[in-house]
Amino acid sequence: MTDDGPRRGAGRFITLEGGEGAGKSTQVARLKASIEARGHDCIATREPGGAPGAEMVRKLLVEGPVERWDGVTEALLHFAARREHLRTTVLPAIAGGTWVVSDRFADSTMAYQGYGHGADRAMLGTLYDIAVGEFRPDLTLILDLPVDTGLARAAARRGTETRYESLPVAFHERVRAGFLDIAAADPGRCVVIDATAGIDEIARAIGGALAKHLEA
Ligand SMILES: Nc1ncnc2c1ncn2[C@@H]1O[C@H](COP(=O)(O)OP(=O)(O)O)[C@@H](O)[C@H]1O
Ligand SMILES: [Mg+2]
């Protein structure tokens, strides 16, 4: 998968990252509406999933007993789904001028499987190169909040997709620290957003990050 240069006339690829209950799905919907209000076509999508085949892989990852996969197998499944998501949904949309907002992307694999489960991070980088290539998000918003707050919000939401949520608090603490590490290492792409704020305030902070990073 190609295209790392300036995407003139093309859409943008914006990813939202963060732990369980951080408010990603809430803010993806808000961001899509605000991008459309500024006159761009925009689709909201998610990982794992975002394409028919990738949604089938999603079920294997987010449902069922927590011990069903180890970190490496999880990473392989996530990257298989990711490649299908890019090939089928993201890249065609961007090429056609549509902006794409994704609820999670590859930083989640690094944070969950790398920092959380301890899978080798260089190996994850190699999988990225194989499955994705040079392509990177134009902007990544990392929603950061204390683990207990996020897990409480996620628990209140309910549903069947509880496999990652059911991992221990220490796992989620490593995931949070991982996201902050990733952001610190790539400040040109990543912006950390305080996700303890109210929904409107977070949406404003995200709007500010877009103005600064994508319209400068
Ligand atoms: N800023 C916020 N403050 C309080 N509750 C929130 C906030 N953002 C989202 N929520 C609520 O917390 C729960 C989890 O939000 P969600 O967007 O599903 O998080 P995520 O997709 O990151 O897991 C939902 O019930 C949502 O309505
Ligand atoms: Mg969500």
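Throughout, numbering of the chain's residues begins at 1 and tracks the sequence. Each ligand, and each atom within it, is numbered from 1 in the order the structure gives.
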Quiz prompt | Protein residue, atom and distance nearest to atom 19 (O) of ligand 1, heavy-atom basis | solution = Gly23 N, 3.0 Å
Quiz item: Looking only at protein heavy atoms, which one is nearest to atom 8 (N) of ligand 1, and how far off is it?
Solution: Ile199 CG1, 3.5 Å
Run the contact test for [X] against ligand 1 with a 4.0 Å cut-off on heavy atoms, strictly below, and give the result.
{"X": "Ala197", "answer": "yes"}
{"X": "Gly198", "answer": "yes"}
{"X": "Gly18", "answer": "no"}

Quiz item: So, is Ala154 polar-close to ligand 1, with some N/O to N/O distance under 3.5 Å?
Solution: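 In this structure, Ala154 places no N or O atom under 3.5 Å from an N or O of ligand 1.
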Practice problem: Might you point out which heavy atoms bring Thr89 and Ala51 nearest each other, and give the distance in Å? | Solution: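 For Thr89 versus Ala51, the nearest heavy atoms are OG1-CB, 3.7 Å.
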Quiz item: Between Glu201 and Arg30, is the closest basic N to carboxylate O distance under 4.0 Å?
Solution: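 Glu201 and Arg30: not salt-bridged.
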Quiz prompt | N, O or S atom of Ser25 closer to the Mg ion (ligand 2) than 2.8 Å | solution =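 It does: Ser25 brings an N, O or S atom closer than 2.8 Å to the Mg ion (ligand 2).
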Taking [atom] as the point of reference, which of [options] owns the nearest heavy atom?
{"atom": "atom 15 (O) of ligand 1", "options": "Asp194, Ile202, Leu16, Thr26", "answer": "Thr26"}
{"atom": "atom 6 (C) of ligand 1", "options": "Glu201, Arg153, Lys24", "answer": "Arg153"}
{"atom": "atom 14 (C) of ligand 1", "options": "Glu20, Arg30, Arg157", "answer": "Arg157"}

Quiz item: Are Leu60 and Leu167 connected in a single hydrophobic cluster, I mean Ile/Leu/Val/Met/Phe/Trp/Tyr linked by side-chain heavy atoms less than 4.5 Å apart?
Solution: yes
Self-check item: Transitive ILVMFWY side-chain link Val147 to Val66, under 4.5 Å
Solution: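 They do not share one cluster, since no chain of ILVMFWY contacts under 4.5 Å joins Val147 to Val66.
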Quiz item: Under 4.5 Å between any side-chain heavy atoms of Trp69 and His117, yes or no?
Solution: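 Sidechains of His117 and Trp69: no contact.
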Practice problem: Could you check if a side-chain atom of Val100 sits within less than 4.5 angstrom of a side-chain atom of Cys42, using non-hydrogen atoms only? | Solution: no
Self-check item: Option among Leu145, Ile193, Thr26 that satisfies the side-chain contact (heavy atoms from CB on, under 4.5 Å) test with Ile202
Solution: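 When Leu145, Ile193, Thr26 are each tested with Ile202, the side-chain contact (heavy atoms from CB on, under 4.5 Å) holds only for Ile193.
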Quiz item: Looking at atom 24 (C) of ligand 1, is any protein heavy atom nearer than 4.0 Å to it?
Solution: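 When distances to the protein are checked, atom 24 (C) of ligand 1 has no heavy atom within 4.0 Å.
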Quiz item: With a distance cut-off below 6.0 Å to the six-membered ring centre and an angular limit of 45° from the axis, does Arg82 pair with Phe79 as a cation-pi contact?
Solution: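 Cation-pi check for Arg82 and Phe79: passes.
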